[in-house]
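These notes are about the structure you will find just below.
As a basis for the values below, the full set of heavy atoms in this structure was taken, side chains included, without hydrogen atoms, waters or symmetry mates. Below, chain A is the first sequence line, B the second, and so on; all start at residue 1.
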Amino acid sequence: MEYNFKDIEAKWQAYWLANKSYAAADQSDQPKYYGLSMFPYPSGAGLHVGHPLGYIASDIYARYKKLNGFNVLHPMGYDSFGLPAEQYAIQTGQHPAITTEKNLKRYREQLDKIGFSFDWDREVRTSDPAYYKWTQWIFKQLYKAWYNDETHKAESIASLVEKFGTEGNAGIHACTDQTEIFSAEDWKGYSEKEQEAILMNYRLTFLADSWVNWCPALGTVLANDEIKDGVSERGGHPVEQKLMRQWSMRITAYAERLLNDLETVDWTDSIKEQQRNWIGKSVGAAVTFKTEEGHDIEVFTTRPDTIFGVSFMVLAPEHELVSEITTDKYKAAVEKYQQQTSLKTERDRQADVKTISGAFTGAYAVHPFTGDKVEIWIADYVLAGYGTGAVMAVPCGDQRDYDFANHFGIEIKNIFKDVDISEAAYTEKDAVITDSDFLNDLPAKKAIKLAIFEIEKEGFGKGQTNYRLRDAVFSRQRYWGEPFPVYYKNDIPYLIEDDRLPVTLPEVDKYLPTEDGEPPLARAKKEDWNVSEGDHMEYNTMPGWAGSSWYFLRYMDPHNEAAFVSREKADYWNQVDLYIGGSEHATGHLLYARFWTKFLYDMGFIGFNEPFKKMINQGMILGRSSFVYRDKASGKFVTFNKRKEYQTARLHADIHLVDNDQLDLEGFKNWLPEYANATFILEDDGSYQCGHEVEKMSKSKYNVQTPDALVEKYGADTLRCYEMFLGPLEQAKPWDTKGISGVHNFLRKFWRLFHDKDNNLNVTDAEPDKKALKTLHKTIKKIQEDLDRYSFNTPVSNFMIATNELTDLNCNNRAVLRELLILISSYAPHICEELWEKIGEKESITKATFPTFNPDYLVEAEFAYPVSFNGKMRFKLPLPTNMSKEDVEAAVLSDEQSAKYLDGKAPKKVIVVPGRIVNIVV
RNA sequence: GCUCGAGUGGUGGAAUUGGUAGACACGCAAGACUUAAAAUCUUGUGUCCAUUAGGACGUGCGGGUUCAAGUCCCGCCUCGAGUACCA
């Protein structure tokens with residue numbers, strides 16, 4: 001075999017490992033570069049072809065930066081706590097640590113075969129006690145901190161306790177759930193338990209009874225971002241609301257900074273927008289309306305300028321005041337409506353937005369400015385969970401209020417000057433207000449300010465900013481996660497001392513909740529814990545996102561036993577320069593990682609407050625699933641073209657049993673036990689044809705393509721180049737191996753460039769000719785430009801072009817080929833390293849320097865001008881490149897080919913762009 | 001509904017500031033080598049008309065700006081992703 005990729009790849013992978021070729025230096029005169037791919041959760045299915053896509057891109061970039069003289073950090077690790085290993089443990093009794101270890105090993109083998117330049121000495125695993133010791137430590141810091149809204153940063157809780165002792169809490173502007181005001185005297189008089197309860201309302205991680213998303217099937221609570229379409233993201237199980245005592249993270253304290261600092265990072269607009277929506281800032285006012293009976297109803301509005309347009313009010317059906325204010329006459333109707341609403345699931349309620357429904361309570365509120373009577377309704381378009389669960393309805397300015405008013409025949413008052421609201425509400429903020437007392441003739445934006453001023457002056461309410469972002473639930477009733485460094489004494493939580501960390505996971509007999517519904521850790525006896533204090537330890541564990549919120553910091557200083565990262569190393573490596581990963585983490589991981597980074601910055605542990613400077617989201621690689629069709633009546637499997645003659649259910653078939661849509665019948669029977677006795681209704685030619693569809697790759701769809709088979713058949717270098725060649729990194733694309741032979745052929749042709757017919761090295765020291773140098777320098781320029789704008793697919797084409805051109809030129813000059821090897825080495829490191837050695841280089845190509853582009857080689861004496869007539873290219877005319885505009889024009893017009901298109905007429909206009917084009921207007 | 005992104009040959013895609021549309025590859029077709037196949041190599045390959053020469057049309061659709069538009073502007077259509085009674 002001429003190009004023996006198997007031997008070559010094994011040889012150099014061993015060499016790189018033995019020589020620590022990719023070790024990042026902690027100190028260097030070179031500028032630093034931190035390139036990072038999101039670390040994977042090691043699932044049982046192994047790596048599929050979608051995983052390496054991002055890794056290959058960050059690897060190419062890391063290598064490219066290294067060749068350009070940067071000190072590069074390019075690490076890899078594993079997000080190794082998580083649900084699947086635990087679900088597997090519940091089913092089989094196997095300890096999740098064993099499952100995880102097994103999966104990890106397989107991941108590593110797969111990764112190693114692809115030839116990544118990871119610095120494995122810096123590997124981190126979130127489930128490693130040496131790692132989660134620091135996750136627990138960061139949790140402790142959050143517990144010992146509060147958020148000062150005056151300084152806009154987190155501060156130590158000790159400073160807060162001091163203030164309480166001297167001035168009470170009235171003058172403190174904090175992000176807190178504490179509403180009660182107390183004096184310094186009060187504070188001193190409180191018991192420890194009372195003081196602790198108050199401090200809980202300030203801490204950045206806190207214990208509170210809160211409504212949580214409870215997933216009975218998984219036996220745990222879930223964060224909002226772990227729920228998609230009303231069901232759990234993992235497993236697709238239903239979720240219900242439940243009041244539970246849980247640890248939470250006060251991420252809302254950082255809402256404003258998380259929003260503003262998006263402007264300082266180079267991410268896609270789409271991800272930034274998703275974060276903005278998730279944070280959901282709305283500026284407006286809280287206004288209190290009094291009912292005729294004297295109850296207070298607080299509403300939140302972003303349009304206080306429209307307050308004179310209020311013609312009714314709406315409460316959420318669950319609003320606590322509903323039963324109190326409803327008059328006897330309307331009681332039955334209101335209760336019926338409440339009942340109807342409660343029967344609807346959250347999902348149904350959101351799905352059906354067209355049906356207008358509601359009920360009048362019989363009660364009236366008094367308009368704070370006009371004193372008018374305003375009807376109070378309940379309706380399910382007002383949500384209990386947002387704002388105050390009550391709105392002041394302004395039909396002329398809000399479409400939902402407009403529709404509601406029309407439906408129930410409520411008055412629609414127009415307070416916008418010269419605006420027609422006969423068809424729909426006017427929701428733009430650019431109208432002039434009228435019929436509104438002191439707001440008359442003001443444009444909306446000014447009116448908003450004045451309205452808030454008046455509302456505050458009269459004591460009806462105040463200006464307020466609301467966020468959709470909620471505090472994040474941080475406890476999970478699961479086994480396979482970080483234990484909390486927390487114990488309880490008399491139901492008061494206390495922290496475990498630093499020198500006793502980590503609190504490691506105790507052994508348990510089963511990975512299920514206890515009979516009385518406590519989390520699995522409650523099964524552990526006192527002596528099963530390595531650290532046990534007080535009445536009992538915390539039984540909850542941390543969520544999956546705990547470990548992944550700071551792992552990028554640990555890579556900087558992975559073996560530090562005295563700190564999660566030393567300040568010195570954090571200062572050196574600083575932000576991640578390039579972060580590559582999927583966009584599915586837009587509102588989860590990326591928000592939490594930003595939050596923790598900002599917190600650690602506030603506390604002075606690190607010197608930057610955004611973790612990821614530049615981010616690229618690789619598109620998903622989709623799989624091509626195959627389907628079989630089972631007749632519901634007979635249970636027989638019906639072939640694709642006959643499926644319509646039967647009542648069939650569509651089932652996934654393993655794509656490895658399908659070749660060109662034809663099913664391997666014996667293989668299918670042997671695949672799953674329930675198919676052992678399968679019978680078939682075949683095509684007329686006796687084959688079974690499968691259906692197919694492009695969808696997400698997943699184990700349950702049996703459409704997972706692993707990279708292993710391709711590495712085996714074509715080699716890692718081919719796989720690397722091919723995954724990049726597929727198309728733009730950010731774009732989603734179906735996986736298709738059709739084109740891979742073309743890329744493999746390129747590498748073989750590249751190999752032949754260095755060898756004669758008998759596969760002997762054939763490289764000369766002779767001076768290369770001009771054409772070869774031109775090809776080389778054209779390629780240097782292209783690769784540099786492409787990579788600098790993160791275009792990973794186009795360099796492969798340019799490598800092919802260069803190889804094709806040099807082959808046509810019979811170029812075997814060492815001077816040219818040597819530089820070409822460096823160019824290609826970031827994409828195909830193994831073959832380049834091998835040829836590099838063969839042409840007599842002594843040191844690894846990973847230590848080489850990226851060639852310098854010299855424009856002189858691209859200078860040509862002649863350029864073939866495309867000559868257009870009326871914008872249509874007609875012919876090409878070679879002319880000297882240094883010819884003046886006037887001479888070019890004269891030369892083109894006097895050329896005999898022009899005569900035909902001019903047809904005897906004089907040109908109206910001639911445009912000459914030197915070195916580009918000539919256009920003649922006739 | 002809103003936000004973001006994308007629509008280019010049979011296919012994946014290229015064209016960085018408006019300046020030769022379809023690079024590179026796959027596939028397909030013809031040929032060479034071979035007993036044959038595979039592999040390899042050569043040539044061709046946007047569509048339509050034309051024997052050729054050549055011509056017309058072509059980047060989702062309709063307009064516009066310009067000497068020149070895949071690229072810029074206006075109005076639509078389709079697909080993908082995210083998100084939603086957020087007051």
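In terms of polar N and O atoms assigned as donor or acceptor, the side chain of A:Arg789 never comes within less than 3.5 Å of the base of B:rU17 in a complementary pairing. Counting distance only, with no hydrogens placed and no angle test, the side-chain atoms of A:Asp380 and the base atoms of B:rC85 include a donor-acceptor pair under 3.5 Å.
Residue contacts for A:Asn466: at a heavy-atom cut-off of 4.0 Å it reaches no nucleic acid atom on any strand shown. A:Asn798 comes within 4.0 angstrom of nothing in the nucleic acid, heavy atoms only. Heavy atoms of A:Ile911 sit under 4.0 angstrom from at least one base atom. Counting any heavy atom pair closer than 4.0 Å across all strands shown, A:Asn919 reaches a base atom. Contact annotation for A:Asn745: backbone-only contact, meaning every heavy-atom pair under 4.0 Å involves sugar-phosphate atoms and none involves a base. Within 4.0 Å (heavy atoms only), A:Phe746 reaches no atom of the nucleic acid at all. Within 4.0 Å of A:Ser797, counting heavy atoms only, lies at least one base atom of the nucleic acid. Among the atoms of the strands shown, none is found under 4.0 Å from any heavy atom of A:Gln399. If you check every strand for non-hydrogen atoms under 4.0 Å, A:Val921 touches sugar and phosphate atoms only. Among the heavy atoms of the strands lying under 4.0 Å from A:Glu785 is at least one base atom, whether or not backbone atoms are also near. Here A:Lys876 lies in heavy-atom contact (under 4.0 Å) with a base. A:Tyr901 comes within 4.0 angstrom of sugar-phosphate atoms only, judged by non-hydrogen atoms across all strands, and of no base.
The phosphate of B:rG13 (OP1 or OP2) has no side-chain N or O of A:Tyr722 nearer than 4.0 angstrom. Phosphate contact (OP1/OP2 of B:rC41, side-chain N/O of A:Arg752, threshold under 4.0 Å): present. Remark: A:Arg874 is not in phosphate contact with B:rU20, judged by side-chain N or O atoms under 4.0 Å from OP1 or OP2.
A:Phe308 and A:His367 have their aromatic ring centers within a separation under 6.0 angstrom. A:Phe725 and A:Tyr722 have their aromatic ring centers separated by at least 6.0 angstrom. Between A:Phe369 and A:Phe460, a ring centre-to-centre spacing shorter than 6.0 Å is recorded.
Of all nucleotides listed (B:rG19, B:rA87, B:rG13), B:rG19 comes nearest to the side chain of A:Arg916. When the nucleotides B:rG13, B:rA87, B:rG82 are ranked by their closest atom to the side chain of A:Thr301, B:rA87 comes out on top. Here B:rU16 is the nucleotide among B:rU40, B:rA87, B:rU16 with the atom lying nearest to any side-chain atom of A:Lys782. Checked against B:rU20, B:rU16, B:rC86, the side chain of A:Asp786 finds its nearest nucleotide in B:rU16.
In this entry B:rU59 has no Watson-Crick or G-U wobble partner, no candidate having both defining distances under 3.5 Å. Pair assignment for B:rC67: B:rG19, on the basis of Watson-Crick or G-U wobble contacts that are both within less than 3.5 Å. B:rG5 is paired with B:rC79 under the Watson-Crick or G-U wobble criterion, all donor-acceptor distances under 3.5 Å. Pair check for B:rC85 finds none; no Watson-Crick or G-U wobble contact set falls under 3.5 Å. In this structure, B:rG31 forms a base pair with B:rC41, meeting either the Watson-Crick or the G-U wobble geometry with both donor-acceptor distances under 3.5 Å. Using N1 to N3 plus N6-O4 or O6-N4 for Watson-Crick, or N1-O2 and O6-N3 for G-U wobble, each under 3.5 Å, B:rG12 pairs with B:rC24.
RNA chain B is contacted by both A:Phe863 and A:Glu273; A:Glu273 maps to the nucleotide lying nearer its 5′ end (nearest heavy atom per residue). Where A:Arg303 and A:Lys872 meet RNA chain B, the nucleotide closest to each residue was compared, and A:Lys872 sits on the side nearer the 5' end.
Its glycosidic angle being within 90° of 0, B:rG9 falls on the syn side.
A:Phe799 is not listed as a side-chain neighbour of A:Phe750, based on a closest heavy-atom distance of 4.5 Å or more. Annotation: side chain of A:Tyr865 is not in contact with side chain of A:Val892 (no heavy-atom distance under 4.5 Å). With a 4.5 Å cut-off on side-chain heavy atoms, A:Phe863 and A:Arg916 do not count as touching.
With both ends at atom C1', the span from B:rG60 to B:rG9 equals 15 Å, rounded to whole Å. B:rG13 and B:rA21 have their C1' atoms separated by 13 Å, given to the nearest Å. When the P atom is used for both B:rG12 and B:rU3, the distance is 29 Å, rounded to whole Å.
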